[in-house]
Amino acid sequence: MSNLNHIALNNLPNHIAIIMDGNGRWAKKKGFLRAFGHENGTKSVRTTVEACAKLGVKNLTLYAFSTENWNRPKLEVETLMKLLVSSLRNELPTLQKNNIRLNSIGNLSLLPSSIQKELEDVISKTKNNTHMTLTLALSYGSREELLNVVKKISDKVKNNIISTDAIDESIINQHLYTHDLPDVDLLIRTSGEHRISNFLLWQIAYAEFYFTEVLWPDFTEENLYEAIISYQKRERRFGKTSEQIDTKSTK
Ligand code: FPP
């Protein structure tokens, strides 16, 4: 029986973020080049996006390419870039059919112009879609993002646009790439690694973490459901006591 039947649709994570890991190992295990793993990884992207949309998850963010990934062999970077362009081109009908808005975060100016153009095109064509926001983290690094926030706010203080006293969490949120997204509720990482790898460090402050041994190209709808079920079994206290957050409690 599918795990789908065990998901409480009234308690879905509002924002799921995924570190899609294990493409290279998946390919190597099968005796293929790493590129084959990335190609098959795109299938899991499609499955996951459609499954989230079907369930009613409002925000899905995928770590597709980190600032550190630029240091990979040139051929692998080129393969990933080509895959991204072709995926964006091919997935537009799926995004439209499912009423999904595409969004992107990261230092996009470093991406090849072909990707920037394709991204702009899909982002603009899907900008009025309302069912779900799919965010691709591309050339993204959380420390770089936070560094930019510090610089932008410092400039505003220097130019008397805001005062130091006015700097609060909401001002920081407004200057992040993710300014129009809610905090992450559920962070999933595949492939058995237990690391954050410079992903959404500010935004995951109260996220629930879910690590699975499954390599990203093997990640299925059922694996997504398992992660959501695990999330739904947890008590999110946000620093409070169990009694305080139990709405049925008289305390
Ligand atoms: C990590 O696996 C994966 C990536 C660095 C890239 C993720 C990209 C895709 C899934 C394909 C295209 C994406 C979209 C959004 C269409 P790894 O190469 O680090 O694997 P390893 O740890 O086994 O070496």
Side-chain angles (χ1 to χ4, degrees), residues 16-53 57 59-96 98 100-108 110-112 114-123 126 132-142 177 187-200 211-221 223-224:
I16 299 180
I18 308 184
I19 303 176
M20 310 179 286
D21 197 10
N23 293 351
R25 276 164 284 163
W26 183 89
K28 210 168 152 194
K29 258 175 51 182
K30 294 187 164 3
F32 291 106
L33 294 173
R34 297 174 57 81
F36 187 62
H38 296 314
E39 266 169 51
N40 279 274
T42 61
K43 294 181 191 158
S44 302
V45 169
R46 174 184 264 229
T47 310
T48 305
V49 170
E50 290 200 292
C52 283
V57 172
N59 299 279
L60 173 66
T61 299
L62 301 176
Y63 205 4
F65 196 86
S66 71
T67 43
E68 290 74 24
N69 286 154
W70 289 114
N71 300 321
R72 290 198 174 194
K74 192 166 170 270
L75 189 63
E76 183 168 345
V77 172
E78 279 171 13
T79 304
L80 275 167
M81 293 299 146
K82 278 188 200 141
L83 267 177
L84 282 165
V85 181
S86 60
S87 299
L88 286 167
R89 206 169 285 156
N90 297 338
E91 295 309 318
L92 179 61
T94 312
L95 296 178
Q96 299 291 39
N98 291 290
I100 298 170
R101 173 174 84 94
L102 184 75
N103 178 38
S104 61
I105 55 172
N107 188 351
L108 306 179
L110 294 181
L111 296 170
S114 55
I115 301 213
Q116 293 189 33
K117 250 180 68 202
E118 209 66 53
L119 256 182
E120 277 166 25
D121 184 55
V122 180
I123 287 174
T126 60
M132 182 173 101
T133 296
L134 167 64
T135 301
L136 296 184
L138 294 165
S139 189
Y140 174 86
S142 194
Y177 291 131
L187 176 83
I188 300 172
R189 182 170 190 147
T190 59
S191 90
E193 305 288 2
H194 296 188
R195 284 191 292 277
I196 301 304
S197 301
N198 204 9
F199 191 42
L200 302 174
F211 298 107
T212 169
E213 295 291 320
V214 175
L215 302 175
W216 179 249
D218 287 331
F219 193 80
T220 63
E221 240 175 83
N223 296 133
L224 174 77

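Counting starts at 1 for both ligands and their atoms, following the listed order. None of these values were measured; they are calculated from a predicted model. Just the heavy atoms: all of them, side chains too, but no hydrogens, waters or symmetry mates, feed the values below.
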TODO: Report the member of Glu91, Met20, Arg72 with the shortest heavy-atom distance to atom 19 (O) of ligand 1.
DONE: Arg72
Open item on the list: Counting only heavy atoms closer than 4.0 Å, does ligand 1 sit against the backbone of Asn69, its side chain, both, or neither?
Closed with: side chain
TODO: Specify side chain, backbone, both or neither for Leu62, according to which of its non-hydrogen atoms lie closer than 4.0 Å to ligand 1.
DONE: neither
Task: Side chain, backbone, both or neither: the part of Asn23 lying under 4.0 Å from ligand 1 by heavy atom - done: both
Task: Criterion side-chain contact (heavy atoms from CB on, under 4.5 Å) against Val85, the qualifying member of Lys82, Met81, Arg89 - done: Arg89
- [ ] Could you tell me how the ring of His194 sits relative to the ring of Phe211: parallel (under 30°), tilted (30 to 60°) or perpendicular (over 60°)?
- [x] parallel
Open item on the list: Under a 3.5 Å threshold, yes or no: a donor from one side chain and an acceptor from the other, between Trp216 and Ser191?
Closed with: no
Open item on the list: Using heavy-atom distances only, which candidate in Ala35, Gly41, Ala64 approaches atom 8 (C) of ligand 1 most closely?
Closed with: Ala64
Task: Short N or O distance, Asp21 and ligand 1, threshold 3.5 Å exclusive - done: yes
Task: Taking atom 15 (C) of ligand 1 as the reference point, the nearest protein heavy atom with its distance - done: Leu136 CD2, 3.7 Å
- [ ] Verify the distance criterion only: is there a donor paired with an acceptor across the side chains of Thr126 and Arg101 at less than 3.5 Å?
- [x] no
Task: Atom indices of ligand 1 within 4.0 angstrom of Arg34 heavy atoms, with elements - done: 17 (P), 18 (O), 24 (O)
Task: Quiz item: cation-pi between Lys30 and Trp26, 6.0 Å / 45° - done: yes
TODO: Please name the pair of heavy atoms, one in Ala51 and one in Leu224, separated by the smallest distance, quoted to 0.1 Å.
DONE: CB-CD2, 3.7 Å
Open item on the list: Please report whether ligand 1 has a polar contact with Gly24, defined as an N or O pair separated by less than 3.5 Å (distance criterion only).
Closed with: yes
Open item on the list: So Asn69 and Val77, do their side chains get closer than 4.5 Å, heavy atoms only?
Closed with: no
- [ ] Might you confirm whether atom CG of Leu110 has over 12 heavy atoms from other residues, nucleotides or ligands at distances under 6.0 Å?
- [x] yes
Task: atom 12 (C) of ligand 1: the protein heavy-atom neighbour that sits closest, reported with distance to 0.1 Å - done: Thr42 CG2, 3.6 Å
TODO: Taking only heavy atoms of Trp216 into account, list the atoms of ligand 1 that are under 4.0 Å away from them.
DONE: 10 (C)
Task: Donor-acceptor pair between Arg34 and Thr79 side chains, under 3.5 angstrom - done: no
Open item on the list: What protein heavy atom lies closest to atom 14 (C) of ligand 1? Include the residue and the distance to one decimal.
Closed with: Leu84 CD2, 3.8 Å
TODO: Check each atom of ligand 1 against the heavy atoms of Arg25 and keep those under 4.0 Å away; list them by number with element.
DONE: 21 (P), 22 (O), 23 (O)
TODO: Tell me which protein heavy atom sits closest to atom 16 (C) of ligand 1, plus the residue, atom name and distance to 0.1 Å.
DONE: Ser87 OG, 3.4 Å
Open item on the list: I'd like to check Val49 versus Met132 (side-chain heavy atoms, cut-off strictly below 4.5 Å). Are they in contact?
Closed with: yes
- [ ] Output the list of atoms in ligand 1 that are nearer than 4.0 Å to some heavy atom of His38, sorted by atom number.
- [x] 11 (C), 18 (O)
